[in-house]
Amino acid sequence: MASPVPGDSDCLHPGLAEPRTKEDWFAYVFYDPPPRPVLPPYDSYVTMDEAEQRRLNRSRNRYHSALVLAWTPAVQHFETEITELLAANEMAPPGARLGLLIDGPPTVGKSTLVKMIGRKFEQELREDFPERFSPDRLGCYVPVVYISLTDQVTPKQISIAIARYLNVPTSGTKDTIDDRVLTALTASGTQLIIFDDLHFLDCSLKEGRASNDHIKFLANHAPCTIIGTGVDLEESPLLSEGGPTGPVKRTSRVKAPTSGPRTQTAGRFSRQELSAFALDSEERILQWVGVIHSLEKALALYQHKDESLTRQHWRYLHERTDGSIAGLHALIRRSAVRAVQQGAEAITREIMDSIVLSYAHERAYAKVVDLQSRASVKGGSKQIRKRPAADGSA
Ligand SMILES: Nc1ncnc2c1ncn2[C@@H]1O[C@H](COP(=O)(O)OP(=O)(O)OP(=O)(O)O)[C@@H](O)[C@H]1O
Ligand SMILES: [Mg+2]
C-alpha cells in the first residue's frame, strides 16, 4: 500500500484523472506520483550520450509535470473542519447532520483540496482498520464517495452518478435508483460523500428546488457527512430560494448574503469561502511564500539557485498568477520543463516571463503591468517595462 504520508509530509499527490467509480477512487488513493529522478553529477550529465540524456530528461519532465501538491494553510484548515465534522457525525442519529460547502472562485484549488483530504482520510482508515479492506472484502467497504457533477445536473443524474460509483444498477425510475443508492451507501459503510462542482446543479427554479430537496434527502437518509464545493454557492438553489433562475454566473466577488428565503439545505450546511492568496498582511505573505517554497524545493534542476523563487520572486509570482495556486503550479511546472529543454537548468525571471499562462491569469497580469507603467510615468520615470520588476526581497 502507498504510504499515506510519503517522505516529505508537505506534499501528497492524489492522482491524475477524476474518479468516476469506486475503483477509480481506490486507484487514486494508491496513486504515487513519479519519483524524483536521481540526478548524476552535472559533469556526467553533460557528457551523456543523446539518448541517455533524453531518457533522464523525460523522467524529469514527468516528475515536474506532477510536481508536488502543497499542504497549504487552506488545505490544513479544511482538513481540520472536515475531520471534525466526520467525527461529530459518525454515530449521530439520522436527520439534520451538518455538512460543509466550500465556496470559491475558479482555480483556487477546491477540487484538489477535497480530494487530498478524502484520500488522506481513507488512507488513515486503511491503516487503522486493515480488516475492513481485507482481500475477501475487496470493494465492499467504500468510506469515501467522490462525485464530480456535470453541467445542469438533475436529482436523478446525481443518484445515477452515485449508483455508477458504487457499481449498482442505474436503470429504473428515480425512486428505484434512490432506494438502491441508499442501501448501497449503508452497506458500503460510506462516511464521506464529496460533491465537486455543486454549482452545476440545475438552477432553473423547478429543478433547483428538486435538486435542493434531493441533497436534503441524501443528507437525511444516508449515514454520511456531505461536503460540497462550487463557485458562487451562496446564490445557488442550495442555499437560497431567491436564487437566480438561470445558470449561476462565475465571479470571484465576495457577495453579501442574498435576501431570498433560506432553504432546508441552508439549515444543514455551513458555508466557508476559499479564495486566492492575498498579500495584504504579513501572515498571508508568509503563507504564499511557504507554498512557493514547498514547490521550489521539489525541483530537480542542476543550476537552480536555492530559494530564488521564494526569496526574490514571490511578489512577481503573485502578480503573474493573481494569487492562484493553479497559476503558480502551472507556471513552475512549465518553467521547469522549459529550463530542462533549453539547458538553463534553473527557473529564472526570463524563463517565467516567456511562459504564457491561462487567459484569466494573463489578463490579470496585464492590468498589473499597466498600473505599474502608469505609476512609473507619473513618478517621472521614463522607463516602461513590458513585465514588472522582480521583487528582490523576501
Ligand atoms: N494544494 C495544491 N498544491 C499545488 N497545486 C495545487 C493545489 N491545489 C490546486 N493546485 C493546482 O491548481 C490546479 C487547479 O486546482 P483545482 O482544479 O483544484 O481548482 P478548482 O478551484 O477546483 O477550480 P474550478 O473551480 O475551475 O473547478 C490543479 O490542477 C493544480 O495544478
Ligand atoms: Mg474544481
Side-chain angles (χ1 to χ4, degrees), residues 5-6 8-20 28 31 33-34 62-79 82 100-120 146-151 153 194-201 227-236 247-254 272-277 287-299 309-310 317-318 320-337 355 357-361 364:
V5 182
D8 188 337
S9 63
D10 286 350
C11 314
L12 295 172
H13 200 301
L16 295 173
E18 286 294 9
R20 294 176 68 236
Y28 221 78
Y31 173 81
R62 272 171 53 77
Y63 168 73
H64 283 139
S65 73
L67 206 63
V68 292
L69 293 181
W71 211 258
T72 62
V75 182
Q76 289 170 30
H77 165 77
F78 283 111
E79 187 197 359
I82 293 171
L100 169 66
L101 299 177
I102 302 173
D103 196 353
T107 73
V108 289
K110 300 179 295 298
S111 307
T112 307
L113 172 152
V114 284
K115 280 185 285 190
M116 288 168 84
I117 295 169
R119 176 182 191 254
K120 187 170 170 200
Y146 173 84
I147 305 290
S148 176
L149 299 183
T150 49
D151 199 15
V153 72
I194 299 169
F195 287 119
D196 195 18
D197 286 339
L198 264 178
H199 50 267
F200 281 146
L201 281 186
I227 306 296
T229 75
V231 181
D232 284 338
L233 290 182
E234 188 153 44
E235 301 205 349
S236 86
V248 175
K249 244 188 7 207
R250 287 181 160 226
T251 67
S252 59
R253 280 175 301 121
V254 177
Q272 296 193 29
E273 289 184 9
L274 176 63
S275 25
F277 285 84
Q287 291 179 354
W288 174 247
V289 167
V291 173
I292 298 172
H293 186 240
S294 67
L295 301 184
E296 182 172 26
K297 72 180 185 214
L299 293 172
L309 301 181
T310 308
L317 285 167
H318 192 270
R320 278 295 319 263
T321 61
D322 207 16
S324 140
I325 185 86
L328 178 72
H329 206 241
L331 182 57
I332 295 183
R333 282 191 335 250
R334 284 286 305 273
S335 302
V337 170
I355 306 278
L357 285 179
S358 74
Y359 177 70
H361 295 138

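No hydrogens, no waters, no symmetry mates; every other heavy atom, side chains included, goes into these values. Each ligand, and each atom within it, is numbered from 1 in the order the structure gives. Numbers here simply count residues along the sequence, with the first being 1.
- Note: no N/O pair closer than 3.5 Å links L295 and ligand 1 by distance alone.
- Every residue was checked against the salt bridge (charged side-chain N to carboxylate O under 4.0 Å, His left out) condition with E296, not counting sequence neighbours, and none meets it.
- Atoms of ligand 1 lying under 4.0 Å from at least one heavy atom of T107, given by number and element, are 19 (O), 20 (P), 21 (O), 23 (O), 24 (P), 25 (O), 26 (O).
- Set against the non-hydrogen atoms of L69, the atoms of ligand 1 under 4.0 Å away are 3 (N), 4 (C), 5 (N), 6 (C).
- Rounding to the nearest 0.5 Å places OG1 of T72 at 8.5 Å from CD of Q287.
- Under a 4.0 Å criterion applied to the non-hydrogen atoms of A326, ligand 1 contributes the atoms 11 (C), 12 (O), 13 (C), 14 (C).
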(message) Working note: K110 + T112, criterion side-chain contact (heavy atoms from CB on, under 4.5 Å); need CA distance, chi angles, decisive distance, verdict.
(response) CA-CA 6 Å; K110 300 179 295 298; T112 307; over 6 Å; no
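- At least one N or O atom of G109 sits closer than 3.5 Å to an N or O atom of ligand 1.
- Within the 4.0 Å heavy-atom criterion, the part of D197 lying near ligand 1 is the side chain and not the backbone.
- The shortest N/O to N/O separation between R333 and ligand 1 falls below 3.5 Å.
- Note: I117 CD1 to I194 CD1 = 8.0 Å, rounded to the nearest 0.5 Å.
- Shown here are the protein N/O/S atoms lying under 2.8 Å from the Mg ion (ligand 2), water excluded: S111 OG.
- Taken to the nearest 0.5 Å, the CG atom of L113 stands 9.5 Å off from the CD atom of E79.
- Of the heavy atoms in H329, only side-chain atoms (C-beta onward) come closer than 4.0 Å to ligand 1.
- Atom CG in L357 sits 5.0 Å away from atom CG in L331 (nearest 0.5 Å).
- Of the N or O atoms in A70, one or more lie within a sub-3.5 Å distance of an N or O in ligand 1.
- Each of T229, L233, I227 was evaluated against L101; a single residue qualifies, L233, per the side chain to side chain contact (heavy atoms under 4.5 Å, CB included) test.
- Residues satisfying the salt bridge (charged side-chain N to carboxylate O under 4.0 Å, His left out) criterion with D322, sequence neighbours excluded, are absent altogether.
- For the side chain to side chain donor-acceptor pair (under 3.5 Å) test, residues two or more places apart in sequence or in another chain that qualify with S111 are D196.
- With rounding to the nearest 0.5 angstrom, the NZ atom of K115 is 3.0 Å from the OH atom of Y28.
- Against a heavy-atom cut-off of under 4.0 Å, T112 is close to the following atoms of ligand 1: 7 (C), 8 (N), 9 (C), 15 (O), 16 (P), 18 (O), 28 (C).
- Annotation: the span from R333 atom CZ to L328 atom CG amounts to 10.0 Å, rounded to 0.5 Å.
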